[in-house]
Enquirer: 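Submitted below is the structure of interest, expressed as structure tokens.
These numbers were taken from a predicted model, which means no experiment stands behind them. Heavy atoms only: backbone and side chains are in, while hydrogens, waters and symmetry mates are out. The residues of the chain are indexed from 1 along the displayed sequence.
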Amino acid sequence: MKLKRLLLRYYPPGIILEYVQGGELKTKSIDLLDLSPGTDVGALVEEIRKAEPLITASRKEQVIHLILRLQEKLGQQEDHKFYLFKVLRAHILPLTNVAFNKSGSCFITGSYDRTCKIWDTASGEELRTLEGHRNVVYAIAFNNPYGDKIATGSFDKTCKLWSAETGKCYHTFRGHTAEIVCLSFNLQSTLIATGSMDTTAKLWDIQNGEEVVMLTGHSAEIIALSFNTTGDRIITGSFDHTVVVWDVGTGRKLHTLIGHRAEISSAQFNWDCSLIVTGSMDKTCMLWNAVTGTRVATLTGHDDEVLDVCFDYTGQRIATSSADGSARVYNAETKKCIAKLEGHGGEISKICFNPQGSRILTASSDKTARLWDPHTGQCIQILEGHTDEIFSSAFNYKGDIIITVTSAANLRLRLYQACGETVSSISRGVDSIYLALLCISRRRRIMCRS
């Protein structure tokens with residue numbers, strides 16, 4: 001093996017090694033999830049050198065330099081406020097979903113009008129329309145971190161793979177016998193997974209467009225799926241109250257996570273692939289050992305359905321949102337609730353950490369989105385001005401762009417941008433953008449049940 005170059009990954013912190021083995025270019029990552037501004041870099045690099053033969057003595061200073069840059073980034077506080085700067089016309093029919101590319105330079109929208117549109121974030125211009133589906137375009141995704149391909153899943157029972165640059169359709173994946181409601185690329189961008197109301201999931205080869213394997217075993221609709229970061233495992237969450245862990249290479253069922261007493265709403269691996277978190281309509285969130293499939297903990301406290309769950313990038317904290325109008329933050333190690341996010345006047349359908357882990361974003365039926373401090377549970381900013389319920393929201397990779405999807409009659413995009421004012425005086429004043437997508441739409445969980 002010969003090391004070609006070292007690349008920096010800010011979120012989650014790590015170093016990517018690009019190397020040649022047997023004439024083939026490959027990559028591997030060194031995760032630095034426990035890195036902090038106080039970490040002894042010299043000692044850390046020595047540990048890395050002992051564990052990774054590609055890091056030779058001649059590369060030591062370069063690795064030290066990269067880790068110092070990571071430390072500097074982790075020490076920065078860039079917590080911005082967001083302001084309206086543009087209103088755009090969107091689809092002619094309701095939106096169903098939105099997704100960013102990694103840089104946040106563009107985003108995509110799916111719609112009842114059977115199309116997916118690509119938008120330039122800075123200008124608000126529509127770049128191109130992806131046409132070809134014969135029914136609602138419901139599930140959409142970029143192949144991040146690359147961002148050169150887009151996948152769309154439709155109620156027409158097909159998934160399509162597109163060029164993000166030209167809009168060309170590379171493949172149409174056929175085989176499901178009911179609506180496709182969730183999809184995901186693996187991190188390596190070699191496979192697409194699709195989940196369907198036909199109770200199955202399928203894995204597709206991006207290069208040749210062929211079905212690799214069909215995952216069967218659920219007794220009800222699959223409404224959530226997620227690859228782990230190494231790409232060798234995938235989980236599927238179903239209305240049959242279970243989550244299944246599958247081997248990607250063989251399609252073999254490894255574990256069935258049994259314990260929830262109602263439909264699964266969300267399921268996710270943590271970054272190092274050691275834990276799985278699941279949310280359910282039974283008002284609970286459960287934590288599982290990803291290797292053994294055993295339940296680690298049941299996280300309780302909500303008074304109504306848990307609608308969404310997520311890890312921060314370190315996998316040390318879990319956030320949950322509920323139809324009871326509150327959100328909670330749990331410590332993954334102690335299993336204790338460390339913060340309650342209270343203030344919304346309606347159910348919270350979506351929750352996520354920013355990439356830095358310093359903020360939480362929630363979307364609610366009370367027509368607002370809110371930014372929170374995950375340590376204290378304090379509400380930092382209320383994103384107001386929406387005319388109807390917000391059912392989805394997300395940060396981009398840098399955490400300086402937010403997008404929210406709301407239900408409203410005017411079918412417009414509202415974009416918000418930072419005006420130089422920041423929450424923290426330590427911030428360097430990088431501009432931030434907040435986009436509000438206004439559309440007529442039912443909540444996703446109601447859609448899936450209908």
Side-chain angles (χ1 to χ4, degrees), residues 7 9-11 16 25 27 86 88-91 95-134 136-154 156 158-174 180-195 202-210 225-227 229 231 355 392-405 413 415 433 435 437 439:
L7 304 172
R9 186 188 67 211
Y10 284 116
Y11 309 117
I16 309 300
L25 186 64
T27 62
K86 197 167 293 187
L88 308 173
R89 181 75 183 177
H91 293 260
L95 279 74
T96 57
N97 228 317
V98 293
F100 276 115
N101 67 349
K102 179 181 173 181
S103 68
S105 62
C106 63
F107 63 93
I108 51 178
T109 54
S111 172
Y112 279 80
D113 67 11
R114 307 180 181 186
T115 71
C116 174
K117 291 180 183 286
I118 308 174
W119 305 84
D120 180 85
T121 302
S123 67
E125 293 180 1
E126 179 187 326
L127 299 177
R128 57 192 56 86
T129 300
L130 309 181
E131 298 179 295
H133 282 294
R134 297 183 178 182
V136 176
V137 174
Y138 191 71
I140 57 177
F142 278 101
N143 66 327
N144 291 333
Y146 305 97
D148 62 333
K149 295 181 179 66
I150 294 166
T152 56
S154 171
D156 68 10
T158 72
C159 173
K160 291 180 181 288
L161 180 68
W162 312 80
S163 165
E165 181 65 29
T166 67
K168 174 185 176 182
C169 181
Y170 293 124
H171 304 294
T172 298
F173 304 118
R174 295 183 172 89
I180 294 174
V181 294
C182 53
L183 60 79
S184 178
F185 287 93
N186 64 348
L187 198 60
Q188 296 73 29
S189 195
T190 58
L191 296 172
I192 295 173
T194 53
K202 292 177 182 285
L203 304 182
W204 310 87
D205 187 289
I206 287 177
Q207 288 301 115
N208 59 33
E210 298 295 321
L225 52 77
S226 177
F227 283 100
T229 52
S392 186
S393 59
F395 285 101
N396 73 326
Y397 173 76
K398 294 180 180 179
D400 57 4
I401 302 174
I402 295 171
I403 194 166
T404 68
V405 188
L413 299 170
L415 292 88
I433 301 174
L435 305 94
L437 303 187
C439 62

Enquirer: Excluding sequence neighbours, so at least two apart, what forms side chain to side chain donor-acceptor pair (under 3.5 Å) with Thr158?
Expert: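 Partners of Thr158 under the side chain to side chain donor-acceptor pair (under 3.5 Å) test: His133, Asp156.
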
Enquirer: Calculate, to the nearest 0.5 Å, the distance between atoms CG and NE2 belonging to Asn208 and His171 respectively.
Expert: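 Interatomic distance, Asn208 CG to His171 NE2, rounded to 0.5 Å: 6.5 Å.
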
Enquirer: With sequence neighbours excluded, tell me which residues meet salt bridge (charged side-chain N to carboxylate O under 4.0 Å, His left out) with Arg9.
Expert: Asp31

Enquirer: Would the distance check show the side chain of Asn144 and the main-chain N or O of Lys102 forming a donor-acceptor pair, the cut-off being under 3.5 Å?
Expert: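 Present.
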
Enquirer: Going by the rule side chain to side chain donor-acceptor pair (under 3.5 Å), which residues pair with Thr190 if we only count those two or more places apart in sequence or in a different chain?
Expert: Asn186

Enquirer: Minimum heavy-atom separation for Gly147 to Phe142, with atom names?
Expert: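 Looks like O-CD2, 3.8 Å.
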
Enquirer: Taking all non-hydrogen atoms of both residues into account, name the closest pair between Phe173 and Asp205 and its distance.
Expert: CE2-O, 4.0 Å

Enquirer: What residues form a ring-ring contact (aromatic ring centres under 6.0 Å, His included) with Tyr397, not counting sequence neighbours?
Expert: Tyr11

Enquirer: Could I get the full list of side-chain contact (heavy atoms from CB on, under 4.5 Å) partners for Ser163, not counting sequence neighbours?
Expert: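 If we apply the side-chain contact (heavy atoms from CB on, under 4.5 Å) test to Ser163, skipping adjacent residues, the hits are Glu165, Thr166, Lys168, Tyr170.
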
Enquirer: Using the salt bridge (charged side-chain N to carboxylate O under 4.0 Å, His left out) criterion, which residues pair with Lys160? Sequence neighbours excluded.
Expert: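 Counting only residues at least two positions away or on another chain, Lys160 forms no salt bridge (charged side-chain N to carboxylate O under 4.0 Å, His left out).
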
Enquirer: To the nearest 0.5 angstrom, please state how far the OG1 atom of Thr27 sits from the CG atom of Leu7.
Expert: 9.0 Å

Enquirer: For Pro355 and Asn396, work out which heavy atoms get closest and say how close.
Expert: CG-O, 3.4 Å

Enquirer: Run the side chain to side chain donor-acceptor pair (under 3.5 Å) test against Tyr146 and tell me which residues pass, sequence neighbours left out.
Expert: none

Enquirer: How close do Leu191 and Phe227 get, counting heavy atoms only, and between which atoms?
Expert: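 Looks like CB-CZ, 4.3 Å.
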
Enquirer: Identify, with sequence neighbours excluded, every residue that meets side-chain contact (heavy atoms from CB on, under 4.5 Å) alongside Ser105.
Expert: Asn101, Ser103

Enquirer: Working to the nearest 0.5 angstrom, can you tell me the gap between Cys106 SG and Glu125 CD?
Expert: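 Reported to 0.5 Å precision, the distance equals 13.0 Å.
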
Enquirer: Closest heavy-atom contact between Ile401 and Gly104?
Expert: CD1-O, 3.3 Å

Enquirer: With distance as the sole test, does Arg134 use its side chain to make a donor-acceptor pair with the main-chain N or O of Arg114 at under 3.5 Å?
Expert: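 Such a contact is absent between Arg134 side chain and Arg114 backbone.
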
Enquirer: Ignoring hydrogens and angles, tell me if any N or O in the side chain of Ser154 forms a donor-acceptor pair with the backbone of Val136 under 3.5 Å.
Expert: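 Confirmed, Ser154 side chain pairs with Val136 backbone.
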
Enquirer: Ignoring hydrogens and geometry, is there a side-chain-to-backbone donor-acceptor pair from Thr96 to Val137 under 3.5 Å?
Expert: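 Checking the backbone N and O of Val137 against the side chain of Thr96, a donor-acceptor pair under 3.5 Å is found.
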
Enquirer: List the residues meeting side chain to side chain donor-acceptor pair (under 3.5 Å) with Asp148, not counting sequence neighbours, and say none if there are none.
Expert: Asn143

Enquirer: Run the side-chain contact (heavy atoms from CB on, under 4.5 Å) test against Ser111 and tell me which residues pass, sequence neighbours left out.
Expert: His91, Leu93, Asp113

Enquirer: First locate atom OG1 of Thr109, then atom CG of Asn97, and finally report the distance between them rounded to the nearest 0.5 Å.
Expert: 10.0 Å

Enquirer: Between Ala164 and Ile118, which heavy-atom pair has the shortest distance, and what is it?
Expert: O-CD1, 3.8 Å

Enquirer: Phe107 vs Phe100 aromatic rings, parallel, tilted or perpendicular, using cut-offs 30° and 60°?
Expert: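 Rings of Phe107 and Phe100: perpendicular, over 60°.
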
Enquirer: Under the side-chain contact (heavy atoms from CB on, under 4.5 Å) test, which residues partner Thr194, sequence neighbours left out?
Expert: Cys159, His176, Ile180, Leu183, Ile192, Lys202, Trp204

